[in-house]
Number of protein chains: 2
Amino acid sequence: MMELTRKGEYAIRAILYLARQPTGRLSLVGEIAGSAGVPRTFLSKILQQFTRTGLVSSFRGTGGGFTLARDPAGITLLEVVEAIEGPVLPNRCLVGEGTCERDGTCRVHEVWGRVRDEMVSILAGVTIEELARAREGSAGDGLAKSS
Amino acid sequence: MMELTRKGEYAIRAILYLARQPTGRLSLVGEIAGSAGVPRTFLSKILQQFTRTGLVSSFRGTGGGFTLARDPAGITLLEVVEAIEGPVLPNRCLVGEGTCERDGTCRVHEVWGRVRDEMVSILAGVTIEELARAREGSAGDGLAKSS
DNA sequence: TACCTATTGGACCTTTTTTGTCTTTTTATA
DNA sequence: TATAAAAAGACAAAAAAGGTCCAATAGGTA
Ligand code: SF4
Ligand code: SF4
């Protein structure tokens with residue numbers, strides 16, 4: 001239930017790869033795809049989407065490639081997944097008022113609202129920079145252990 | 001992103017309808033479908049699934065129909081959606097150890113774990129009985145207002 | 001200028017999931 | 001026996017997921 005798509009998962013891996021490169025260095029699609037374990041042509045589409053939303057900058061021609069457009073410490077996981085998968089919406093009635101004619105009397109509506117708010121809050125609370133840091137020993141990293 | 005399916009939404013509405021009936025009263029598929037705004041034949045499948053998981057009991061023949069198998073105060077929203085949509089899994093790597101070969105070093109993994117835990121916690125915290133109560137004026141209902 | 005390199009855009013495709021329908025069978029009642 | 005209602009299962013259209021392929025474009029380089 002409620003699974004992230006491959007596209008979303010791939011997108012995160014790609015961003016993480018870019019975040020781990022030295023500032024200013026350009027990476028090629030094939031290089032990212034190889035390292036992140038993502039089909040090259042599919043990743044190409046994902047990166048295009050990122051450049052359109054402004055999270056990634058691209059350069060064509062010899063010596064071209066991709067790089068993060070902003071400081072990874074300022075990019076949240078929420079931004080990354082929403083850039084690719086759209087807004088976090090556990091139920092359609094959250095799209096806007098009147099999507100469901102029952103939303104005036106429905107108590108479930110507000111439960112989904114809370115679910116969304118929590119998800120947004122968690123995803124917005126973690127930056128790409130934190131996630132990109134290699135984890136050795138994983139002690140004292142400040143992240144909850146849950147599975 | 002991460003949307004509940006129609007099936008899941010319909011399932012909740014159906015359970016809520018049953019929860020609002022006087023204890024022991026049987027409801028027909030057509031009756032539930034009409035009231036909940038769900039295609040009759042589709043709802044039929046959903047109810048069958050509920051009877052298999054034991055949340056709903058069914059009786060065939062004249063005077064037959066469906067009724068909740070348990071006290072609505074003891075059924076959580078989590079049980080209802082998991083009965084129909086399966087376990088809450090925001091990412092495949094939460095299915096089990098080793099689903100993703102990166103899960104040993106991946107910091108994102110634990111973020112999805114937290115997302116799942118929060119979702120489970122919210123959905124498990126609300127009962128069908130609370131949800132089924134008609135809301136008039138909606139004051140002091142103890143539920144957060146978020147959209 | 002010609003050539004190479006790399007992203008861009010868009011059409012296209014296959015598979016899976018979603019969202020149902022229809023028909024037949026089983027079980028229970030009158 | 002006739003009727004009522006759920007159960008089971010096959011079927012199918014539509015949408016979404018998960019990609020592929022190729023021509024076009026933009027930027028370097030000889
Ligand atoms: S949760 Fe309530 S408001 Fe939202 S779609 Fe379902 S019935 Fe409508
Ligand atoms: S979040 Fe990490 S562990 Fe989970 S699928 Fe993605 S890379 Fe693998």
Side-chain angles (χ1 to χ4, degrees), chain A residues 1-14 17-18 21 25-34 36-69 81 84-87 89-92, chain B residues 1-14 17-18 21 25-34 36-69 81 84-87 89-92:
Chain A
M1 184 207 184
M2 307 267 193
E3 264 177 44
L4 186 72
T5 63
R6 297 275 177 187
K7 194 174 166 193
E9 166 67 24
Y10 293 163
I12 297 169
R13 293 195 204 167
Y17 179 89
L18 291 178
Q21 304 311 305
R25 175 173 186 261
L26 299 187
S27 314
L28 303 183
V29 199
E31 171 195 336
I32 309 172
V38 177
R40 199 194 313 103
T41 59
F42 195 24
L43 180 59
S44 184
K45 292 300 175 192
I46 295 170
L47 289 168
Q48 280 175 41
Q49 212 171 326
F50 275 135
T51 59
R52 276 194 295 270
T53 64
L55 224 50
V56 164
S57 341
S58 67
F59 302 91
R60 302 206 248 198
T62 312
F66 298 89
T67 187
L68 284 188
V81 301
I84 297 299
E85 306 247 49
L89 288 169
N91 202 352
R92 295 170 218 248
Chain B
M1 181 205 187
M2 307 265 194
E3 264 178 45
L4 187 71
T5 64
R6 296 277 176 183
K7 194 175 166 192
E9 166 67 23
Y10 293 162
I12 298 169
R13 292 195 205 167
Y17 178 89
L18 291 178
Q21 302 313 304
R25 174 172 187 262
L26 299 187
S27 315
L28 303 183
V29 198
E31 170 195 335
I32 308 172
V38 177
R40 199 196 311 100
T41 61
F42 195 24
L43 180 60
S44 183
K45 292 299 175 193
I46 296 171
L47 289 168
Q48 280 175 41
Q49 211 171 326
F50 275 135
T51 59
R52 275 194 296 270
T53 65
L55 224 51
V56 164
S57 343
S58 67
F59 301 91
R60 302 206 246 197
T62 312
F66 298 88
T67 186
L68 283 188
V81 300
I84 296 300
E85 307 247 50
L89 289 169
N91 203 352
R92 294 169 218 251

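Quantities reported herein were computed from a predicted structural model and do not represent experimental measurements. We name chains A, B, ... by the order of the sequence lines, and we start the count at 1 in each one.
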Novice: Just how far is it from atom CZ of A:F66 to atom CG of A:L18, taken to the nearest 0.5 Å?
Specialist: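 Interatomic distance, A:F66 CZ to A:L18 CG, rounded to 0.5 Å: 8.5 Å.
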Novice: Rounded to the Å, how far apart are B:L26 CG and D:dA5 P?
Specialist: 11 Å
Novice: Determine whether A:V29 and A:L47 make a side-chain contact, defined as any pair of heavy atoms from C-beta on separated by less than 4.5 Å.
Specialist: yes
Novice: Just by protein heavy atoms under 4.0 Å, how would nucleotides 19-30 of chain C read 5' to 3' in B, S and -?
Specialist: SBB----BBBB-
Novice: Give the rounded distance in Å between these two atoms: CD of A:E85 and C1' of D:dA16.
Specialist: 12 Å
Novice: At what distance, to the nearest 0.5 angstrom, does NZ of A:K45 lie from CG of A:L43?
Specialist: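 One gets 11.5 Å once the value is rounded to the nearest 0.5 Å.
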Novice: Just how far is it from atom CD1 of A:I46 to atom CZ of A:R13, taken to the nearest 0.5 Å?
Specialist: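 If I round to the nearest 0.5 Å, the distance is 10.0 Å.
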Novice: Quickly work out the A:I46 CD1 to D:dA17 P distance and round it to whole Å.
Specialist: 13 Å
Novice: So does B:R52 get a side-chain nitrogen or oxygen closer than 4.0 Å to the phosphate oxygens (OP1/OP2) of D:dA8?
Specialist: yes
Novice: In whole angstroms, how far is the P atom of D:dT20 from the CD atom of A:Q48?
Specialist: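 These atoms are roughly 14 Å apart.
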Novice: Bend across the helix from C:dT1-D:dA30 to C:dA30-D:dT1, to 10°, with axes taken over 5 pairs at each end?
Specialist: 0°
Novice: What is the distance, to the nearest angstrom, from the CD atom on A:Q49 to the P atom on C:dT7?
Specialist: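 The answer, rounded to whole Å, is 17 Å.
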Novice: Rounded off to whole Å, could you give me the CG-to-C1' distance for the A:L43 and C:dT8 pair?
Specialist: 14 Å
Novice: Give the rounded distance in Å between these two atoms: CE of A:M1 and P of C:dT18.
Specialist: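 In whole Å, C:dT18 P and A:M1 CE are 12 Å from each other.
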Novice: Could you measure the distance from the CG atom of A:L26 to the CZ atom of A:F59? Nearest 0.5 Å is fine.
Specialist: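 A:L26 CG to A:F59 CZ: 6.0 Å, rounded to 0.5 Å.
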Novice: Strictly distance-based, threshold 3.5 Å: is any side-chain N or O of A:Q21 a donor or acceptor partner for the main-chain N or O of A:Y17?
Specialist: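 Judged by distance alone, yes, a pair lies under 3.5 Å.
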Novice: Whether A:S44 contacts C:dT7 is assessed here as follows: a side-chain N or O lying under 4.0 Å from the phosphate OP1 or OP2. Is that the case?
Specialist: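 No, no such contact exists.
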Novice: Quick one: B:E3 CD to D:dA15 P, roughly how many Å, whole number?
Specialist: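 Nearest whole value for this atom pair: 15 Å.
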Novice: Does B:S58 place a side-chain N or O at less than 4.0 Å from the phosphate oxygens OP1/OP2 of D:dA5?
Specialist: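 For D:dA5, neither OP1 nor OP2 has a side-chain N or O of B:S58 closer than 4.0 Å.
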Novice: So that I can tick it off, tell me whether A:R25 and A:E31 are bridged by a salt bridge, with the cut-off set at under 4.0 angstrom between side-chain N and carboxylate O.
Specialist: yes
Novice: Classify the nucleic acid contact of B:L28 as base, sugar-phosphate or nothing, counting any heavy atom under 4.0 Å across all strands shown.
Specialist: sugar-phosphate
Novice: Please determine, by modelled atom types, if B:E3 and A:N91 share a side-chain donor-acceptor pair under 3.5 angstrom.
Specialist: no
Novice: Are the side chain of A:E85 and the backbone N or O of A:L4 linked by a donor-acceptor pair below 3.5 Å?
Specialist: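 Between the backbone of A:L4 and the side chain of A:E85 there is no qualifying donor-acceptor contact (under 3.5 Å).
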